[in-house]
Amino acid sequence: MGRTSVSARVVENRPIAPGIYRMGIEAPWADGLVMPGQFCMLQAACPGSSDPLLKRPLSVHDAEDGVAWFLYRVVGKGTGLLARLVKGDMVAAVGPLGQPFPSLAGRRVVFVAGGMGVAPLPLLARRRRVMKVLLGARREEELAVLDVLDLPGIEVEIATEDGSVGHKGLVTDLLPPFLEGGVEAVFTCGPMPMMREVSRMCGARGTACWASLEAAMACGSGLCMGCAVRKAGGGYLHVCSDGPVVDAAVIAWG
Amino acid sequence: MGRTSVSARVVENRPIAPGIYRMGIEAPWADGLVMPGQFCMLQAACPGSSDPLLKRPLSVHDAEDGVAWFLYRVVGKGTGLLARLVKGDMVAAVGPLGQPFPSLAGRRVVFVAGGMGVAPLPLLARRRRVMKVLLGARREEELAVLDVLDLPGIEVEIATEDGSVGHKGLVTDLLPPFLEGGVEAVFTCGPMPMMREVSRMCGARGTACWASLEAAMACGSGLCMGCAVRKAGGGYLHVCSDGPVVDAAVIAWG
Amino acid sequence: MGAMSVDMSVELGGLKLSNPVLLASGTCGYGLELTPFLDLRRVGGVVVKGISLEPRDGNPPPRLAETPCGLLNSIGLENVGAERFLSSRLPQLLATGATVIVNILGSSAEEYAAIAARLRDAEGISALEVNISCPNVKAGGVAFGQDPRAAAQVVEAVRKEWGRTLIVKLSPNVTDVTEIARAVEAAGADAVSLINTLLGMAIDVEQRRPVLANTFGGLSGPAIRPVAVRMVWQTVRAVKIPVIGIGGIASARDALEFLLAGASAVQVGTATLADPGAAARIVEGIEEYMARHSITSVSGLAIGQVPGRRAGARFVWRLQ
Amino acid sequence: MGAMSVDMSVELGGLKLSNPVLLASGTCGYGLELTPFLDLRRVGGVVVKGISLEPRDGNPPPRLAETPCGLLNSIGLENVGAERFLSSRLPQLLATGATVIVNILGSSAEEYAAIAARLRDAEGISALEVNISCPNVKAGGVAFGQDPRAAAQVVEAVRKEWGRTLIVKLSPNVTDVTEIARAVEAAGADAVSLINTLLGMAIDVEQRRPVLANTFGGLSGPAIRPVAVRMVWQTVRAVKIPVIGIGGIASARDALEFLLAGASAVQVGTATLADPGAAARIVEGIEEYMARHSITSVSGLAIGQVPGRRAGARFVWRLQ
Ligand SMILES: Cc1cc2nc3c(=O)[nH]c(=O)nc-3n(C[C@H](O)[C@H](O)[C@H](O)COP(=O)(O)OP(=O)(O)OC[C@H]3O[C@@H](n4cnc5c(N)ncnc54)[C@H](O)[C@@H]3O)c2cc1C
Ligand SMILES: Cc1cc2nc3c(=O)[nH]c(=O)nc-3n(C[C@H](O)[C@H](O)[C@H](O)COP(=O)(O)OP(=O)(O)OC[C@H]3O[C@@H](n4cnc5c(N)ncnc54)[C@H](O)[C@@H]3O)c2cc1C
Ligand SMILES: Cc1cc2nc3c(=O)[nH]c(=O)nc-3n(C[C@H](O)[C@H](O)[C@H](O)COP(=O)(O)O)c2cc1C
Ligand SMILES: Cc1cc2nc3c(=O)[nH]c(=O)nc-3n(C[C@H](O)[C@H](O)[C@H](O)COP(=O)(O)O)c2cc1C
Ligand code: FES
Ligand code: FES
């Protein structure tokens, strides 16, 4: 699968909206081996220090010309230290990891995103056929990332909770016309409550739905069994190796 | 005593010889309150990380115009992270701490240094009367720091173990003429075996000797009793609060 | 702080403290060393370095070794002894306005009792904290804190001599800390504080010998916090007396872990060594958190209502 | 490596290993997950995830929490069960050329024995590692590893079924680890490995609840290394069988702390999660160190000659 564990050079790392950064790192696998929806485990190299201890999972945002890109929000110490990196610094990177969005050749797919759920979109748009992106946010400011998203030929419909841009309400309000219009699959990435609702709506119509899950991870590689998510039929699957992209029907959304 | 615990801005931090850096930080106490031989506890600010856990003791190298300078060798992770700082970065600093070299007004003092023992010299030369510096090194390369030492009007005599510069042998070989010539006090800073020998030689002639000690430190402020050094009469003194500069006669040099 | 005013005061077995943040024994000297950095009235109290009847020199150096997010120390209970503490340190410390708690240690129950008796007549000592992590010379050097009967004997002996608040400081180097906590509660302790350091060691691989002259040392700092929070959580659910949480607290968030686990107060140790003003920051941060969460008093922080008191160690079921 | 050639092979209770660096149970999956990053023949052996007689689902999520220099996990012994391990995992793992050690767990001595019996007929399993940190259902859930008699019973039961190398993995959550070590030595263990995780917990102060669904978790990683080195040092001096050191090893320097303390081999756990190639780096680093210090065989690393075997816990005298 071409997964590697390397020390990679940062080619760019800059804030593109308050608290949100876009970082590119040198990655030999960026040109072909990585598939949309896959992720890497990343850590700012800090010689001799073991706090933070573990790498952090970030979706591959885009990949071309030997550079893998990530779009991330600064949340805590792991992402905080990533944000301090400058061009030429080193980052420890394991990847690409996990199950990608399926390849549904020629199919019409709608992507329902919330917040940072847009992160995997550019690579997805480059490699798969996405007809439409439905994007939810609480406020206009959360849409700042849109300006840097390179989504050639893909229309974006927006819903904000405060109505400042686009539809006033939830992003899931925008989905029914597409389900009724016979879209062939829905991809979704974002907060759990949103993905749960998307999954429920698709399930009710019998439309295939693929969700990109999140879970706390230690290894990202199937070693620790830490990233468990309950399956509909009982038992657990592991987000890092069975996912992050899974058939939404197999999840016990709870 | 004006000691403070602050987050201070780095004004300069650059390598002056392989593995040796000179760093200046903004310090309100730099203009008057600090005395030669005192030290600070320093740590590169790394938000959210607690490894390394403790600050590291470094002698105040020089102090003027609101800037405190340090001259340090990269040894491990604490000094390694300091070396990565660039102008404008923040460093956590507690100081100035400890007992300084005594003020022997008008007296003739010889300073015997080994390796990084030269660190406190510029401030000492600025504030006290030093007639001569005797400096020991293993090889010529170890003398590179001399180029940046600002020691107005002070002569430096050198001994190298391989004879590449100055006297071939130990720095202590250079001391007897001064002891015989009636120098009034000897200050010493460097490796323990060197300081032990200087102390012994001074003791034998009845010349006052002040040594700047080193010990592993946690607090640098007399809180933990960790920095113990055995006293000649039994019991311990604490390098951070009873020293680092102590009357060499009180130490059980062992 | 927000507009809301929060009540930070706490009561610990009869002792009223202005706030729940204390300075831990052995990491704040005799208190005075901290005054350049910290107004001692801003913390709930100062637990001074462990005092024995006679002065002690302590262990030979090296006494310190830093480990990942932790500190090993083998100070060896160096202290000025009860007399010099009372004559020269205590008056100065009281002059700062600090609430003073004295940590005591001994090598027999009688010795503990003798120190308590000696300190009883001194004015201004608000509480004793009995450090039972010391080796019991009569029982061959196993620490009092590792044996419920020996621990109870020490507490009973001290209790006879000391009427004010009596805190017992527990060792974490035991199979079941709640067993010791229950034993000292039954023996008359007003509160327990935990944890003392975990027994550890480090080896200098280049010198090929233990780093510490004493071979072993006590591990403190953020590294041990998860163990400390667990033991406090278990102990809160096993005894009725107040529990003081200690171990790796370096921020208000860390202190809140213990207060949410049910601790009535906390102590800040190694963090003060790394940053002498840490405790004051922590007090402010707790106030800010309480205001943000609309919690008006410290006692309202504990998660849920602590249910029927059960032995803690049995909770553990399936790890890994 | 220098010009000098060093002998990295070790012998552990009858088992020959090419080098002393093993992958710790639960942190290398069933070995196969690591092959993109690591040639499994470069490590001394692979200790696979704990296997029970029947498959286990494990604990509900969240199962992980990072702490300062540490990791809390409450996987809950999720595993595919003995049958599926033998049919689908083991053959693939053996095909990589790895030396395979199987970690086993149960909730009664009989269950442990039954797994040993089931695995006995499988070819290619070099050793069993018996994880006695599991709760003993018959004794109300206290772990086997916290009671010398229960630990000995498990080992005796397994010993009857298993003739190859038998390693017993000890829990650090005890007052005196050497007591348990001596008990399992007497019961027939060929080697002991330690430490398993320290019991800990973390609280999410914003959500105001324990981070882990299971409340408690096992603490691993560099944070625990000083405790692990101490316990290994004590155990080496208390038993005659080989000791395998585990706990917070992330570099050759860290591994050497254990080997210098007298461990015959080491296991790398959490470090593999953070960096899947860690163990290979460690093997190289040990070789380089040995060459630099002119030490020709791993058994020559231990500090001094280990003197007359004494009980370790008594060493502790004066801390702090
Ligand atoms: C498969 C996958 C892909 C992801 N892709 C992206 C992305 O493209 N862009 C982006 O901004 N974020 C992404 N995330 C979330 C990102 O991993 C977390 O925000 C990050 O781990 C936070 O680490 P921290 O140290 O800054 O925060 P802290 O809060 O300090 O982290 C503490 C611990 O919690 C874990 N954690 C915290 N938040 C999350 C979370 N939301 N999901 C999983 N673990 C978490 C951390 O990994 C760490 O172990 C992804 C998560 C997963 C599982
Ligand atoms: C009063 C005093 C003044 C000093 N002044 C200077 C100076 O001006 N320039 C300079 O280069 N060095 C000086 N040192 C030594 C300096 O403190 C150490 O080199 C530094 O602490 C190493 O830290 P590290 O994390 O880089 O190394 P590591 O080896 O990773 O440190 C591990 C631990 O050992 C301690 N340690 C390591 N070496 C020493 C040492 N030589 N002395 C005391 N503790 C040590 C560290 O503080 C730390 O706790 C001074 C030491 C003292 C006590
Ligand atoms: C240098 C040092 C000295 C200590 N001395 C004592 C002592 O004299 N008596 C005592 O009961 N605890 C002593 N302790 C333990 C601390 O009070 C505290 O219980 C422990 O360090 C854990 O808290 P921390 O992680 O916040 O440091 C000492 C700790 C350190 C680091
Ligand atoms: C995620 C995880 C799962 C583990 N599972 C097991 C297990 O199944 N059996 C076992 O004996 N130990 C298990 N352990 C303990 C490790 O094997 C090891 O003893 C411990 O983590 C300490 O070593 P480390 O600090 O190098 O990780 C597990 C540890 C972790 C982190
Ligand atoms: S994160 Fe370790 S198995 Fe998924
Ligand atoms: S370093 Fe703490 S007392 Fe000196």
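This one's a predicted model, so the numbers in the text were calculated from it and none came from an experiment. Reckoned from all heavy atoms, side chains included, excluding hydrogens, waters and symmetry mates. So you know, we letter chains A, B, ... as the sequences are listed, proteins then strands, and number each from 1.
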Between [Y] and [X], is there a side-chain heavy-atom distance shorter than 4.5 Å?
X	Y	value
D:Ser171	D:Ile195	no
D:Leu219	D:Leu199	no
D:Asn103	D:Val48	no
D:Pro60	A:Tyr236	yes

Test your reading of the model: is there a side-chain donor-acceptor pair from [X] to the backbone of [Y], 3.5 Å cut-off?
X	Y	value
A:Asp31	A:Asp65	yes
A:Lys231	A:Val250	no
D:Thr272	D:Cys28	no
A:Ser59	A:His61	no
A:Gln38	A:Pro100	no

Any residue of residues 69-89 of chain A which, by heavy atoms, sits under 4.5 Å from chain D: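 Listed by number, the contacting residues are A:Lys77.
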Within residues 40-51 of chain A, residues adjacent to chain D where the heavy-atom gap is under 4.5 Å: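 Expected list: A:Ser50, A:Asp51.
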Inter-residue atom distance D:Glu206.CD - D:Arg208.CZ, 0.5 Å rounding: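 The CZ atom of D:Arg208 is 10.0 Å from CD of D:Glu206, to the nearest 0.5 Å.
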CG-NE2 distance between A:Leu213 and A:His238, expressed to the nearest 0.5 angstrom: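 Those atoms lie 12.5 Å apart.
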Winner by heavy-atom pair count (cut-off under 4.5 Å) against chain A, out of D:Cys69, D:Pro62, D:Pro61: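 Greatest number of close heavy-atom pairs with chain A: D:Cys69.
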Leading residue by heavy atom contact count with chain A [cutoff under 4.5 Å; candidates D:Ala65, D:Gly221, D:Pro68, D:Gly26]: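 Option with the top pair count is D:Gly26.
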Step-by-step side-chain contact (heavy atoms from CB on, under 4.5 Å) determination, D:Ser193 to D:Glu129: CA-CA 8 Å; D:Ser193 57; D:Glu129 181 181 62; 2.6 Å; yes
Proximity breakdown for A:Ala218 and chain D, heavy-atom pairs closer than 4.5 Å: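 Both backbone and side chain of A:Ala218 come within 4.5 Å of chain D.
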Interface moiety of A:Ser5 toward chain D, non-hydrogen atoms closer than 4.5 Å: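 Contact with chain D: backbone and side chain both.
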Contact origin within D:Ser251 toward chain A - heavy atom pairs under 4.5 Å: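 For D:Ser251, no heavy atom lies under 4.5 Å from chain A.
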Selection from A:Gly222, A:Cys224, A:Ala216 maximising heavy-atom pairs under 4.5 Å formed with chain D: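 The residue among A:Gly222, A:Cys224, A:Ala216 with the greatest pair count is A:Cys224.
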